[in-house]
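For reference, the structure is listed below as structure tokens.
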Amino acid sequence: MKQSWWQVAGVAAAAVVLLAASGGASEQPLVHLLRWDDAITPVTADVVAKALDEAHAAGAEAFVLELDTPGGLLDATRDIVTEILHSEVPVLVWVGPAGARAASAGAFITLAGHVAAMAPGTNIGAASPVMMGGGDSPDSTMGSKIQNDAAAFIRTIAQRRGRSVEWAESTVREAVSSTSEEALDAGAIDLIADSVEELLAEADGCIVATPSGEVTLLLTDARIARQEVDLRFRILALLANPNVAYFLLILGFYGLFFELSNPGVILPGVVGAVFLVLALFSMQTLPISAAGLLLLLLGGVFLLLEVKVASHGMLTVAGLASSVLGGLMLFDSPEPALRASLRVILPLTLFIAGLFAVAVSLSVRAMRRKPVTGREGLVGLTGTAATRLAPKGKVSVRGELWDAHASEVMERGTAVQVESVEGLLLRVRSTAPEGENSPVSTDLNQTGR
């Protein structure tokens, strides 16, 4: 009997262990992860906001933002920082993997994370707000206002997260950039991790402050759910690329021009209109320079005039120069990632110039080609005298009978060539070798006038 009780107790203990194990499995912490490796634009802010909402709805223990960015727009950066500071789900910003960077706008976002981490071989900083278009210097009134605003913003973030305020401000005022080790020593980040898994292991047990209060991160054996950017945001991110916006703008403009120049072709007009609308949408998310846009339009006008005006190539050169300069100045941003690349501008400009060169050559060739229709098309044609020309009569040219005036008397059937056309009268001459024509009775050059 005692043996049976011991057996029952063993079975019960095993059941408890199994239940505990199953309960522990069901309580495995969930971590959402989003990777962003592009410039910071309004699309980025929308993507991050949506990802944080999904992490909160799923009851995630934490949200990891894997960051690799050259920088971006300050307004979009403010939106992202605001989302992170108000997030109920702790946000771990990890600059990685090795070779990644959190430059300019990326420094603001990294400092805003509840936990800021970097992978070895990464860098952060250089957050100075370069003046749009290279205009006012930081020493000017406007430049000073912009720099002071950015410095105050990054100081607020550093103070909120308990990180080095001095280092944060130096990235704005002195464009300081640091490696992961230097940033850790300066107190700008919390830890260095080779991978996301190592980041979660290092951050396990950390106490972070959320709007609802302090939260202890329990990340042991966490399940990582990678969030993919959906198709809609991918398309928006593509349209927010300045190279794509420039490409759409140029092709849209010249597509519409080709349709207006050749009504009825339809396809260039439809494609041009669609591209132009997409370009206008793209330019809503990018800082546009009016001077750059005007230079692009001026370049297009110069190239169009080259087709109509014989400028011996001067308009083409002016059009190409205006197009290249306009492309470089089109997007008014200090960030290279938010400007059209010269590697895109030059090939596209040369391609458009090649199309116009072909159009100009065809136009010149057509102008030099002998007319084949109308009155001008009759000059030089040959025919036969349908009646005796003395000096007037009828000739047959291209199967048509015309009133003709000859420079000499010609018999019927004589081969003639049209010298000029006066209304409905052809002036002709004989093409028969001298001596083979019918005898000429009188030279009528004077009498026929």
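Bear in mind the structure is a predicted one, so any value in this text is a computation, not a measurement. Excluded from the calculations below are hydrogen atoms, water molecules and symmetry mates; all remaining heavy atoms, backbone and side chain alike, are included.
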Using modelled atom types and a 3.5 Å cut-off, is there a donor and acceptor pairing between side-chain atoms of [X] and backbone atoms of [Y]?
X      : Y      : result
Glu83  : Ala49  : no
Arg160 : Ala112 : no
Glu54  : Ala51  : no
Ser87  : Ile84  : no
Asp190 : Ala117 : no
Thr414 : Met410 : no
Thr110 : Ala107 : no
Ser178 : Gly125 : no
Thr122 : Ala100 : no
Ser282 : Leu239 : yes

Given side chains that start at C-beta, do those of [X] and [Y] come closer than 4.5 Å, heavy atoms only?
X      : Y      : result
Arg223 : Pro29  : no
Asp204 : Leu217 : no
Thr384 : Val416 : no
Thr44  : Thr41  : yes
Tyr254 : Leu256 : no
Val48  : Trp36  : no
Leu296 : Tyr246 : yes
Thr171 : Ile154 : yes

Out of the candidates Leu65, Ile80, Val91, only one should pair with Leu52 under the side chain to side chain contact (heavy atoms under 4.5 Å, CB included) rule; please name it.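 Option passing the side chain to side chain contact (heavy atoms under 4.5 Å, CB included) with Leu52: Val91.
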Given the rule in the salt bridge (Lys or Arg N to Asp or Glu O under 4.0 Å) test, do Glu419 and Arg429 qualify, once you have shown the distances and angles that lead to the verdict? CA-CA 7 Å; Glu419 291 184 313; Arg429 65 178 179 83; 3.5 Å; yes
Which is it for Asp403 and Lys392 under the salt bridge (Lys or Arg N to Asp or Glu O under 4.0 Å) test, yes or no, and what are the steps along the way? CA-CA 7 Å; Asp403 290 329; Lys392 293 185 178 181; over 6 Å; no
Check [X] against [Y] and note the closest heavy-atom contact, atom names and distance.
X      : Y      : answer
Leu34  : Gln227 : CD1-O, 3.6 Å
Leu92  : Ala62  : CD1-CB, 3.7 Å
Ala102 : Leu67  : CB-CD2, 4.4 Å
Ala119 : Gly96  : CB-CA, 4.0 Å
Ala98  : Pro120 : CB-O, 3.3 Å
Ala105 : Gly72  : CB-N, 3.7 Å

May I have the step-by-step check of side chain to side chain contact (heavy atoms under 4.5 Å, CB included) for Ile192 and Glu181, ending in yes or no? CA-CA 8 Å; Ile192 295 176; Glu181 291 79 8; 4.2 Å; yes
Go through it in stages, so that I can follow the logic: the residues are Phe351 and Thr349, the test is side chain to side chain contact (heavy atoms under 4.5 Å, CB included), and I'd like the CA-CA distance, side-chain angles, deciding distance and then a yes or no. CA-CA 5 Å; Phe351 173 73; Thr349 302; over 6 Å; no
When the side chains of residues 193-202 are checked against the rest of the protein, which donor-acceptor pairs come out under 3.5 Å, sequence neighbours left out?
| from | atom 1 | to | atom 2 | distance (Å) |
| --- | --- | --- | --- | --- |
| Ser195 | OG | Glu198 | N | 3.2 |
| Glu198 | OE1 | Asp194 | N | 3.2 |

Drop me the distance from Ile189's CD1 to Ser164's OG, to the nearest 0.5 angstrom.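 Atom-to-atom, Ile189:CD1 and Ser164:OG are 12.0 Å apart.
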Once rounded to the nearest 0.5 Å, what's the spacing between atom OG of Ser323 and atom CG of Leu330?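 Result: 11.5 Å between the selected atoms.
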Go through the side-chain N and O atoms of Glu88 and His56 and say whether any donor and acceptor fall under 3.5 Å apart.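 His56 and Glu88 do not have a side-chain donor-acceptor pair below 3.5 Å.
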Are any of the side-chain nitrogens in Glu169 or Arg155 under 4.0 Å away from the carboxylate oxygens of its partner?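 Salt bridge flag = yes for Arg155 with Glu169.
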Neighbour count >12 (heavy atoms, 6.0 Å) for atom CG, Asp221: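 No, the 6.0 Å shell around CG holds no more than 12 heavy atoms from other groups.
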Go through the steps for Ser341 and Asn243 under the test side chain to side chain donor-acceptor pair (under 3.5 Å), then give the verdict. CA-CA 6 Å; Ser341 171; Asn243 291 318; 4.9 Å; no
Please lay out, stage by stage, how Leu297 and Phe253 fare under the test side chain to side chain contact (heavy atoms under 4.5 Å, CB included). CA-CA 9 Å; Leu297 295 176; Phe253 173 73; 4.1 Å; yes
Filter on ring-ring contact (aromatic ring centres under 6.0 Å, His included), then keep only pairs touching residues 72-129, sequence neighbours left out; what's left?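 For residues 72-129: Phe108-Phe153.
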Could you go step by step and tell me if Met118 and Ile124 meet the side chain to side chain contact (heavy atoms under 4.5 Å, CB included) rule? CA-CA 9 Å; Met118 297 174 65; Ile124 185 174; 3.7 Å; yes
Give every residue pair that meets the side chain to side chain donor-acceptor pair (under 3.5 Å) criterion with at least one member in residues 63-79, sequence neighbours excluded.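 Those involving residues 63-79 are Arg35-Glu66, Arg78-Asp149.
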